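Data first, discussion second: the structure below is written as structure tokens.
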Amino acid sequence: MTIQELNAQAERILAEVERAVVGKREALELVLLGILADGHVLIEDFPGLAKTLIARSFARVTGMTFSRIQFTPDLMPADVTGSSIYNQQRSDFEFRPGPIFANLLLGDEINRAPPKTQAALLEAMQEQQVTIEGTTHVLEPPFVVLATQNPIEYEGTYPLPEAQLDRFVLRMGVGYPSRDHEWEMLERRLERAEEEVELDQVAERQTLLEMQRSLEQVHVEESLGFYIVDLVAATRSAPGVQVGSSPRGSLALLKLARGRAALSGRDYATPDDVKAVAVPALAHRLSLRPELWVERRRSDDIVRELLDQVPTPPVEQPASK
């Protein structure tokens with residue numbers, strides 16, 4: 001698949017999802033970037049902002065199998081991964097796969113489950129496999145975890161550990177719609193006279209895998225690569241930052257920048273691509289010192305400040321251009 005074909009296919013996917021999710025093009029592009037980067041997406045926002053709808057819509061439009069887990073304090077690891085059940089007819093144990101065996105897994109309110117249940121996702125998110133009772137089960141690609149958490153309700157929750165946060169290629173919010181977009185949402189609901197929006201499938205699972213592989217065609221100049229390295233390194237020495245981004249953050253920034261270039265129809269990445277995805281890719285990987293909490297400064301603010309401080313390289317197109 002060429003970059004132009006990828007761009008056209010991405011436009012079809014986004015246009016179809018926008019039939020259900022109104023006025024959130026930027027958020028939808030970030031979710032698609034996460035999928036194309038073969039990564040996982042953490043959506044941190046208030047209830048009722050279409051987080052579940054976004055996940056279901058992408059699964060429907062791209063032909064991915066979909067499953068949803070409502071994370072609760074009494075959820076057990078086996079409820080996520082599956083377990084072996086004794087079959088009386090065969091007089092033997094047989095494996096019953098859990099909801100994690102899907103192409104797109106929605107982990108709703110992931111921080112409401114205890115750490116041992118959250119940890120059930122760690123191996124799957126990094127290695128795309130699940131090991132149960134000594135047997136390894138490979139997950140069918142693509143495997144995307146789209147997790148949500150509420151940023152205001154912390155009572156009875158278990159904050160995600162840094163190791164798990166680091167496995168999300170990006171963290172994002174959806175935000176409230178504008179006045180016009182919210183009315184458009186109501187208007188569409190009145191016109192169709194039913195609750196659910198029937199979306200068409202415009203891509204196959206195999207098409208999605210081809211789109212992921214096509215990102216390898218996006219050229220990255222050495223100067224841009226060093227810009228990514230310098231930006232991530234700056235998070236480790238920034239004032240008030242206790243722990244900066246790991247090299248996994250550099251890889252995430254690289255993949256997301258290439259994806260953004262492809263969605264723009266270019267086969268080369270630019271500093272603007274890096275800057276556009278820097279906050280979603282890096283902010284959740286930073287641990288801040290307590291004094292910054294008192295000042296109400298967030299990790300997003302730190303990354304934005306670093307974007308202004310780290311020297312930006314000139315735009316260099318490939319020699320063939």
Side-chain angles (χ1 to χ4, degrees), residues 23-46 49 51 54 111 144-152 159-160 162 164-176 215 218 220 224-264 269-289 292-293 295-313 315:
K24 290 298 170 187
R25 177 71 177 214
E26 186 176 344
L28 296 179
E29 285 184 354
L30 279 176
V31 174
L32 183 56
L33 283 178
I35 295 173
L36 294 182
D38 196 18
H40 312 288
V41 179
L42 177 62
I43 303 180
E44 190 176 80
D45 220 323
F46 306 122
L49 294 181
K51 299 186 291 291
I54 288 173
N111 58 335
V144 179
V145 174
L146 202 158
T148 72
Q149 62 180 7
N150 187 339
I152 57 172
L160 294 177
E162 283 74 13
Q164 189 152 15
L165 281 174
D166 206 33
R167 281 168 166 78
F168 287 99
V169 70
L170 64 89
R171 182 188 66 182
M172 57 170 283
V174 179
Y176 289 110
L215 291 189
V218 178
V220 177
L224 186 62
F226 275 115
Y227 177 58
I228 292 174
V229 171
D230 291 342
L231 189 59
V232 173
T235 66
R236 302 165 192 159
S237 57
V241 176
Q242 199 164 16
V243 180
S245 173
S246 70
R248 191 181 281 152
S250 303
L251 290 169
L253 202 49
L254 173 68
K255 290 190 286 187
L256 292 172
R258 294 176 98 181
R260 187 178 184 275
L263 290 190
S264 301
T270 67
D272 285 341
D273 294 323
V274 175
K275 291 181 177 183
V277 297
V279 174
L282 299 179
H284 63 290
R285 305 176 196 273
L286 310 186
S287 296
L288 305 186
R289 298 187 185 277
L292 291 191
W293 304 344
E295 297 173 10
R296 295 180 179 268
R297 293 184 65 199
R298 303 182 307 157
S299 54
D300 300 47
D301 302 323
I302 301 296
V303 176
R304 290 190 183 97
E305 290 172 6
L306 294 176
L307 286 172
D308 293 333
Q309 296 170 11
V310 177
T312 304
V315 177

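Remember, predicted model here, so these are calculated numbers, not experimental data. Counting begins at 1 with the first residue of the sequence.
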Completion exercise
For L215, the side-chain contact (heavy atoms from CB on, under 4.5 Å) test, sequence neighbours excluded, returns L6, L36, A262

Practice task
List for me each residue that meets side-chain contact (heavy atoms from CB on, under 4.5 Å) alongside F46, sequence neighbours excluded, and say none if there are none.
Solution key: L49, N150, P151, I152, Y176

Practice task
Could you check V277 against L170 for side-chain contact (heavy atoms from CB on, under 4.5 Å), going step by step and ending with a plain yes or no?
Solution key: CA-CA 8 Å; V277 297; L170 64 89; over 6 Å; no

Practice task
Heavy atoms only: give me the nearest R236-S245 pair and the separation to one decimal.
Solution key: NE-O, 2.8 Å

Practice task
Supply the atom-to-atom distance E44 CD to K51 NZ, rounded to the nearest 0.5 angstrom.
Solution key: 10.0 Å

Practice task
Side-chain contact test, heavy atoms from C-beta onward, threshold under 4.5 Å: evaluate it for L224 versus T270 and give yes or no.
Solution key: no

Completion exercise
Applying side-chain hydrogen bond (donor to acceptor under 3.5 Å, both in side chains) to T148 and not counting sequence neighbours gives D108

Completion exercise
Heavy atoms of P313 and P271 approach each other most closely as O-CG, 3.4 Å

Practice task
List the atom of A278, the atom of L253, and the distance in Å for their closest heavy-atom pair.
Solution key: CA-CD1, 3.6 Å

Problem - Separation between CZ of R289 and CD of Q242, rounded to the nearest 0.5 Å - result: 5.5 Å

Practice task
Would you mind listing every side-chain hydrogen bond (donor to acceptor under 3.5 Å, both in side chains) that reaches into residues 246-261, with sequence neighbours excluded?
Solution key: Q126-R248, D166-S246, D166-R248, E216-R258, R260-D273

Handout entry: Partners meeting salt bridge (Lys or Arg N to Asp or Glu O under 4.0 Å) with R298 (sequence neighbours left out)
Key = none

Practice task
Mind listing the closest non-hydrogen atom pair of A37 and L256 along with its distance?
Solution key: CB-CD2, 4.1 Å

Practice task
Test M172 against V31 for side-chain contact (heavy atoms from CB on, under 4.5 Å), laying out the working first.
Solution key: CA-CA 9 Å; M172 57 170 283; V31 174; 3.6 Å; yes

Fill in the blank from the handout: Residues passing the side-chain hydrogen bond (donor to acceptor under 3.5 Å, both in side chains) test with K24, sequence neighbours excluded, are none

Exercise for the section: Could you tell me which residues satisfy side-chain contact (heavy atoms from CB on, under 4.5 Å) with Q164, sequence neighbours excluded, listed by chain and number? Expected result: I110, Q118, L121, L122, M125, L160, P161, F168

Practice task
Of all the heavy-atom pairs spanning A27 and G173, show the shortest one and how long it is.
Solution key: CB-O, 4.2 Å

Handout entry: Rounded distance [0.5 Å steps], CG in L306 versus NZ in K275
Key = 12.0 Å

Fill in the blank from the handout: So the side-chain hydrogen bond (donor to acceptor under 3.5 Å, both in side chains) pairs with at least one residue in residues 224-233 (sequence neighbours excluded) are none

Handout entry: Residue list, side-chain contact (heavy atoms from CB on, under 4.5 Å) with E305, at least two apart or on another chain
Key = R297, I302, Q309

Exercise for the section: Would you check if the side chain of T235 reaches a backbone N or O of G244 as a donor-acceptor pair within less than 3.5 Å? Expected result: no

Exercise for the section: Enter the distance from L307:CG to T312:OG1 here, rounded to the nearest 0.5 Å. Expected result: 8.0 Å

Practice task
Go through L288 and V241 one step at a time and tell me if the side-chain contact (heavy atoms from CB on, under 4.5 Å) criterion holds.
Solution key: CA-CA 5 Å; L288 305 186; V241 176; 4.0 Å; yes

Practice task
Flag the pair R304 and D301 as a salt bridge only when some basic side-chain nitrogen lies within less than 4.0 angstrom of an acidic carboxylate oxygen.
Solution key: yes

Practice task
Taking all heavy atoms of A257 and all of A269, pick out the closest pair and write down the distance.
Solution key: O-CB, 4.3 Å

Practice task
Measure from the side-chain N and O atoms of R171 to the backbone N and O of I43, and report whether any donor-acceptor pair falls under 3.5 Å.
Solution key: no

Exercise for the section: With the side chain counted from C-beta on, respond yes when L263 and L33 share a heavy-atom pair under 4.5 Å apart, and no when they do not. Expected result: yes

Exercise for the section: Compare all side-chain heavy atoms of V41 with those of L30 and state whether any distance is below 4.5 angstrom. Expected result: no

Practice task
Answer yes or no: is there a donor N or O on one side and an acceptor on the other, between the side chain of D45 and the main chain of V174, under 3.5 Å?
Solution key: yes

